[in-house]
Each structure stands twice: as C-alpha cells, then as structure tokens.
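Shown next, in structure tokens, is the structure this report addresses.
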Amino acid sequence: MPELPEVETVKGGLERAVLGGRIKGLRVNRYDLRIPVPQDLGQRLSAQTIHEISRRGKYIIMHIGDSYAVLHLGMSGRIRIFAAASDYEARKHDHIIFEMEDGGLFAFEDPRRFGMFYLAGDDGWAVERPFSQMGPEPLDDEWTGTHFYNAINKRKAPIKGLLLDQAIVAGLGNIYVCEALYGAGVDPRRGGDSISKAEADKIVVQSKQVLERAIAAGGSTLRDYQKTDGSLGYFQYGFQVYDRDGHDCPLAECNQKILRIVQAGRSTFYCPSCQK
DNA sequence: AAGTGGGCCTGAGAGC
DNA sequence: TGCTCTCAGGCCCACT
C-alpha cells in the first residue's frame with residue numbers, strides 16, 4: 001500500500017528511467033479506471049517528451065508534451081519499469097503500458113483499481129483539483145508544530161483522522177499516522193481540540209522521522225529500478241504498532257499489548273499505556 | 001462547516 | 001481441498 005515514501009521511490013525510479021525520454025506509444029488494457037482513461041490517450045501522449053516528473057502528496061504529476069498526467073497508485077498500484085521492452089512480462093492488471101522511443105517500457109499495474117491516471121482538464125479533473133485544498137507536505141519546513149496546532153485546535157474529530165486529512169497535511173496514510181502517534185505518545189482517540197501545542201510539536205517531529213526513515217529504507221531499492229514498486233522499502237521498515245495488535249508494546253518497560261480499534265472505518269493500532 | 005459512513009475493487013487469509 | 005466470507009486501503013461523495 002503505497003504511502004508517501006513509496007510514492008517518492010516510484011517517482012525517483014521514473015525519473016531515472018524515463019525523464020527526458022519520448023513516448024513511442026502506449027497500450028491501454030482498461031479504460032474503466034476510477035476516473036475513466038480517455039479513449040484518445042495514446043494519440044495525445046505518443047511522440048511526446050516527458051519533461052518533468054513531480055510529486056504532491058501521494059500523487060505523481062508527469063508533464064508530457066503539453067499535457068499534465070496525474071497518477072495515483074491507490075493502494076495496490078505499482079509502476080514496473082523495464083530497460084528493454086523485450087524484458088516486459090505482462091500481468092493481469094497492467095492497465096496502461098508506456099513504450100519509450102529508447103526501447104524502454106513502463107507499466108501501470110493496479111489490481112484493485114483504487115488508483116487513477118488522468119490528464120489535466122478532462123471532465124473537470126483539472127490538474128490542480130486534488131491539490132487546491134491540499135495541506136503542506138509533511139517533510140516541508142512549512143509544516144511545523146505551530147501550523148499543525150492552528151489547523152486542529154478547533155476540531156473535535158479524533159487526531160487520528162485529522163492526520164489522515166490531506167487538507168491538513170498531504171501524504172500521511174494510515175500506517176505512518178499510527179506510527180507517528182505512537183512515537184509522540186498521543187492517544188489516537190483524542191479530539192484535535194484537546195491536543196496541546198507541545199503535543200502538536202511532537203506529532204509533527206515524529207511524522208517527519210517515520211517518513212524519513214522509510215524513505216531512506218526505500219531509497220536503497222532504487223539501485224534496481226526495474227523493481228520500482230516501493231514494496232521493498234515499505235517492508236524493510238519495521239513497524240512499532242501498525243498491524244501488531246496483541247503483540248507486546250515495543251517499549252521494554254511497558255507491559256501492555258498493542259490494541260487495534262476502528263476509527264471512521266479504518267484500523268488504528270496503539271499502546272493504551274504509552275499513548276495518553 | 002464538520003464529521004461520518006458507503007462505495008469502489010481484488011487478493012489474501014481465515015474458517016468451515 | 002475448495003468454497004465462502006471478511007478485510008484491507010485512499011479517495012470521493014452523499015448524507016446528517
């Protein structure tokens with residue numbers, strides 16, 4: 001399940017492999033993604049150069065010719081990159097395959113189709129649409145404890161959900177929110193308006209730390225960019241609480257077990273003793 | 001306005 | 001073994 005560190009890994013892999021390259025053509029196996037793929041996508045992107053690849057939150061934006069293509073990996077999305085098209089092995093859920101003029105190839109695979117690939121301007125999906133309401137990047141200096149505190153101190157919703165709200169901070173997902181709250185020692189059930197400035201500071205610091213560690217772990221997988229799926233970076237990182245309900249709290253002097261609860265339909269993992 | 005919950009989708013894993 | 005059921009997750013959107 002790609003979160004910001006995995007998306008960053010994918011973006012890096014694409015940059016190394018196809019930035020500056022020209023698209024020879026593409027094959028679309030499915031048009032009925034969550035946002036429909038335009039029928040003329042191939043015409044519009046063929047023979048166009050990939051000028052720039054950037055990331056905003058969990059979205060990757062590719063400036064191709066005069067178009068802006070927006071890619072989101074959802075939860076099962078991957079980009080597989082091949083230096084030579086002859087190395088490509090088709091998979092069942094490869095929805096869009098990009099063939100490059102230099103002989104390379106990359107494929108957007110997404111079994112659960114929670115992801116998206118669309119061109120800016122189509123059907124009102126302006127390139128800025130997902131971004132206009134989006135909060136700061138969690139790793140930017142702009143995202144400080146003060147900024148975070150001001151964004152949440154009148155909100156009654158649980159802090160867990162507020163951290164998942166991309167309008168407050170863009171790029172945190174369920175896993176890293178659980179980890180950051182554990183690191184900060186804050187109970188995920190508490191309302192935003194109960195969080196002190198000092199606690200907001202801690203949450204912000206911890207968020208940045210868990211993301212930076214995960215990016216560092218994922219970065220090592222970039223050497224083999226044919227496997228640019230982010231999965232190695234994700235699995236190499238050992239989680240303290242995520243998906244560990246029933247296990248002992250990692251803190252040696254704590255005797256509690258990690259609990260799993262459901263908040264707004266999403267799993268939350270936390271230590272009832274360490275997180276107040 | 002803010003908060004909640006359903007829908008989307010498939011594969012993995014549990015339980016029978 | 002093989003079936004059925006449940007769950008996972010980000011995001012959008014409808015509803016309160």
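Residue numbering restarts at 1 for every chain, and letters A, B, ... go by the order of the sequence lines. Any value given below was found using the heavy atoms of this structure, including those in side chains, with hydrogens, waters and symmetry copies removed.
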Phosphate OP1/OP2 of C/dC7: any A/S267 side-chain N/O under 4.0 Å: no
Contact under 4.0 Å: A/R260 side-chain N or O vs C/dA8 OP1/OP2: yes
Distance test, side-chain N/O of A/Q166 to OP1/OP2 of C/dC11, below 4.0 Å: yes
Under-4.0 Å side-chain N/O to phosphate OP1/OP2 contact, A/R34 with C/dC12: no
Sugar-phosphate only, base, or nothing, as touched by A/R155 at under 4.0 Å among non-hydrogen atoms: sugar-phosphate
Derivation of the salt bridge (Lys or Arg N to Asp or Glu O under 4.0 Å) call for A/D193 and A/K156: CA-CA 6 Å; A/D193 56 2; A/K156 296 190 190 316; 3.7 Å; yes
Minimum-distance nucleotide (side-chain atoms of A/H93 versus B/dC9, B/dT10, B/dG3): B/dT10
Distance in angstrom units between A/Y59 OH and C/dC12 C1', rounded: 9 Å
Sugar-phosphate, base or nothing in reach of A/G161, heavy atoms under 4.0 Å: nothing
Below 4.0 Å: OP1/OP2 of C/dG10 and any side-chain N or O of A/H72: no
A/E109 bridged to A/K92 by N-O distance under 4.0 Å: no
Sub-6.0 Å ring centroid separation between A/Y59 and A/F131: yes
Residue met sooner reading DNA chain B from 5', once A/R30 and A/P158 are mapped to nucleotides: A/P158
A/K58 side chain near C/dC11 phosphate (N/O to OP1/OP2, under 4.0 Å): yes
Side chain of A/K156 - closest among C/dG10, B/dG3, B/dT10: B/dG3
Side-chain N or O of A/K92 closer than 4.0 Å to phosphate OP1/OP2 of B/dG11: yes
